[in-house]
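Here's the structure, in structure tokens; my notes come after.
First the proteins, then the strands, lettered A, B, ... as listed; each starts at 1. These numbers were taken from a predicted model, which means no experiment stands behind them.
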Amino acid sequence: MKIATWNVNSLRVRLEHVRDWLTSAAPDVLGLQETKLTDDKFPVREFAELGYHCAFSGQPTYNGVALISREPATEIVTDLSGYSDIQRRVLGATFGDLRVLNLYVPNGQSVASEKFEYKLEWLAALTAQLRADLARYEHVVVMGDFNIAPEDRDVHDPAAWQDKVLCTPKERAALKRIEELGLCDAFRLFTQAENIFSWWDYRAAAFRRNRGRRIDLILASVALSEACTICTVDTAPRRLERPSDHAPVFALFELPPSLC
DNA sequence: ATGGTGGTACCACCA
């Protein structure tokens, strides 16, 4: 089972990149963020041509999440329970015995911003949701653009980013609380090279200089993480013409046949 | 200092 996450920063602009990547990487499930499409404009046919089903929750201009999958999704949810929000950032679905939550976590803008408070509230609501999900499902994957760099080694210049949004102790503590529910950062299950990132600013040649941050995560429940054999960032799509500012991240799970 | 979107033909908002 190959599971992937990719913030595409407009699916309209990036559709061919996504289609090419589906063909070459062949994931079983791909979570997309920042589709920036209303549901009536979602390119269902273009994915069906490649043998993929779609589930999506979009809005005009901002946000928007989708799950592209070999098998159709069931038990779809588009909100965190008990947290009403017009922003489309959540897509939960079940594939066989696997529960998937695809997320576009609020960015937070800056620590002084109201958007930072919204981010922390949202993360608290997510934690409650995940506590319930983990009690209900054994195999859970929570993935997406977390807009949190888990540790200093996930940032190109930790000193410059110290206490800045995406790197504050409050955000990192919120992520830690989520992991303590019984979720593992799949990327850190393995020995990794240094300076591996998943997002690079479009400005100042940040990608060429590898000045990025690792903010796109795949978290797996304990039983699932024992079946994880690899977790990698694929930087190839970031090198293309007119790329997303994020690269796809994927993980492989060697599950018993009944779960695939 | 880049890029996507959407309202208006350059600019505001968001990342």
Side-chain angles (χ1 to χ4, degrees), chain A residues 5-21 30-43 46 56-66 68 85-91 102-123 126 143-150 154-168 170-172 174-175 197-217 233-249:
Chain A
T5 177
W6 193 2
N7 180 323
V8 291
N9 186 21
S10 168
L11 184 54
R12 187 184 62 80
V13 174
R14 235 66 70 187
L15 181 59
E16 285 318 301
H17 289 190
V18 176
R19 279 165 52 93
D20 289 348
W21 196 76
L30 170 61
L32 301 176
Q33 304 88 36
E34 285 204 89
T35 55
K36 301 187 178 180
L37 286 175
T38 50
D39 290 348
D40 58 302
K41 299 218 172 62
F42 199 90
E46 286 81 349
F56 39 85
S57 179
Q59 67 179 84
T61 316
Y62 304 118
N63 310 314
V65 283
I68 314 299
D85 192 353
I86 55 164
Q87 301 192 35
R88 303 291 79 202
R89 301 178 173 278
V90 175
L91 191 56
N102 178 38
L103 304 174
Y104 178 44
V105 176
N107 174 284
Q109 195 171 58
S110 68
V111 175
S113 161
E114 285 182 6
K115 291 174 186 165
F116 190 76
E117 293 307 310
Y118 164 63
K119 181 178 194 173
L120 296 178
E121 271 180 30
W122 194 97
L123 287 166
L126 172 63
M143 64 179 173
D145 178 356
F146 277 73
N147 269 315
I148 301 171
D154 298 309
V155 181
H156 72 86
D157 186 348
W161 283 97
Q162 178 149 32
D163 297 329
K164 301 283 196 324
V165 73
L166 312 210
C167 301
T168 64
K170 279 186 178 175
E171 292 161 274
R172 287 176 169 173
L175 179 60
F197 308 121
S198 65
W199 172 88
W200 302 261
D201 200 299
Y202 284 119
R203 293 166 285 191
F207 180 68
R208 185 176 57 72
R209 300 155 71 196
N210 197 30
R211 298 173 65 86
R213 284 174 277 180
R214 192 177 69 90
I215 56 176
D216 300 274
L217 310 178
V233 181
D234 183 358
T235 55
R238 188 64 176 79
R239 298 172 207 284
L240 299 171
E241 286 290 312
R242 239 187 146 189
S244 169
D245 45 355
H246 296 252
V249 179

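Legend: residues meeting salt bridge (charged side-chain N to carboxylate O under 4.0 Å, His left out) with Asp154(A), ordered by chain and number and at least two apart, are Arg188(A), Arg214(A). The side chain to side chain contact (heavy atoms under 4.5 Å, CB included) search around Ser113(A) returns Gln109(A), Ser110(A), Lys115(A), not counting sequence neighbours. Every side chain to side chain contact (heavy atoms under 4.5 Å, CB included) that Arg12(A) has, sequence neighbours left out, goes to Ser10(A), Leu37(A). Every side chain to side chain contact (heavy atoms under 4.5 Å, CB included) that Leu240(A) has, sequence neighbours left out, goes to His17(A), Pro237(A). Residues meeting the ring pair (Phe, Tyr, Trp, His ring centres under 6.0 Å) test with Phe56(A), sequence neighbours left out: Phe42(A). Looking at residues two or more places apart in sequence or on another chain, you find a side-chain hydrogen bond (donor to acceptor under 3.5 Å, both in side chains) between Tyr202(A) and Asn9(A). In this view, Gln87(A) and Gln59(A), Asn63(A), Asp85(A), Arg89(A), Tyr118(A) satisfy the side chain to side chain contact (heavy atoms under 4.5 Å, CB included) rule, not counting sequence neighbours.
Side-chain nitrogen and oxygen atoms of Arg242(A) include at least one within less than 4.0 Å of the OP1 or OP2 phosphate oxygen of dG4(B). OP1 or OP2 of dT5(B) has at least one side-chain nitrogen or oxygen of Ser10(A) nearer than 4.0 Å.
Residue pairs meeting the salt bridge (Lys or Arg N to Asp or Glu O under 4.0 Å) criterion with at least one member in residues 155-165 of chain A: none, sequence neighbours excluded.
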Exercise for the section: Could you summarise the pairing of DNA chain B as dot-bracket text, marking Watson-Crick and G-U pairs under 3.5 Å with ( ) or [ ] inside the strand and | across strands? Expected result: .((((((..))))))
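DNA chain B is contacted by both Arg12(A) and Asn7(A); Arg12(A) maps to the nucleotide lying nearer its 5′ end (nearest heavy atom per residue). Between Asn9(A) and Asn147(A), the residue whose closest nucleotide on DNA chain B is further toward the 5' end is Asn9(A).
Protein atom CD of Glu34(A) is 14 Å distant from nucleotide atom C1' of dT2(B), rounded to whole Å. For the pair His17(A) NE2 and dG4(B) C1', the computed distance is 14 Å after rounding to whole Å. Taking atom CD on Glu114(A) and atom P on dC14(B), their separation rounds to 11 Å, with Å as the unit. Distance CG (Leu240(A)) to P (dG3(B)): 14 Å, rounded to an integer number of Å. Protein atom CZ of Arg213(A) is 13 Å distant from nucleotide atom P of dA15(B), rounded to whole Å. One interatomic measurement links the two molecules: CD of Glu241(A) to P of dG4(B), which rounds to 12 Å at whole-angstrom precision. The separation between Arg203(A) atom CZ and dA1(B) atom P is 11 Å, rounded to whole Å. Atom CG of Leu11(A) is separated from atom P of dG4(B) by 13 Å (rounded to the nearest Å).
In the set dG6(B), dA1(B), dG4(B), the nucleotide with an atom closest to the side chain of Pro60(A) is dG6(B).
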Output one line per pair: protein atom, nucleotide atom from nucleotides 11-13 of chain B, and distance, for all N/O pairs under 3.5 Å.
none

Handout entry: Working for salt bridge (Lys or Arg N to Asp or Glu O under 4.0 Å), residues Lys119(A) and Glu171(A)
Key = CA-CA 9 Å; Lys119(A) 181 178 194 173; Glu171(A) 292 161 274; 2.5 Å; yes
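For the P atom pair drawn from dG4(B) and dA9(B), the interatomic distance equals 22 Å after rounding to whole Å. Across the P atoms, dT8(B) and dG3(B) are found 25 Å apart, a figure rounded to whole Å. For the C1' atoms, the distance linking dA15(B) with dA1(B) amounts to 13 Å, nearest Å.
Between the side chain of Ser198(A) and the backbone N or O of Ile215(A) there is at least one donor-acceptor pair closer than 3.5 Å. Judged purely by atom type and a 3.5 angstrom limit, Asn102(A) uses its side chain to pair as donor or acceptor with the backbone of Leu32(A).
Shown for residues 104-113 of chain A: residues whose heavy atoms fall under 4.0 angstrom of DNA chain B, namely Tyr104(A), Asn107(A).
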If you look only at distance, which donor and acceptor atoms sit under 3.5 Å apart when one is on a side chain in residues 204-213 of chain A and the other is two or more places apart or in another chain?
from      : atom 1 : to        : atom 2 : distance (Å)
Arg209(A) : NH1    : Ala204(A) : O      : 2.8
Asn210(A) : OD1    : Trp200(A) : NE1    : 2.9
Asn210(A) : ND2    : Asn195(A) : O      : 2.9

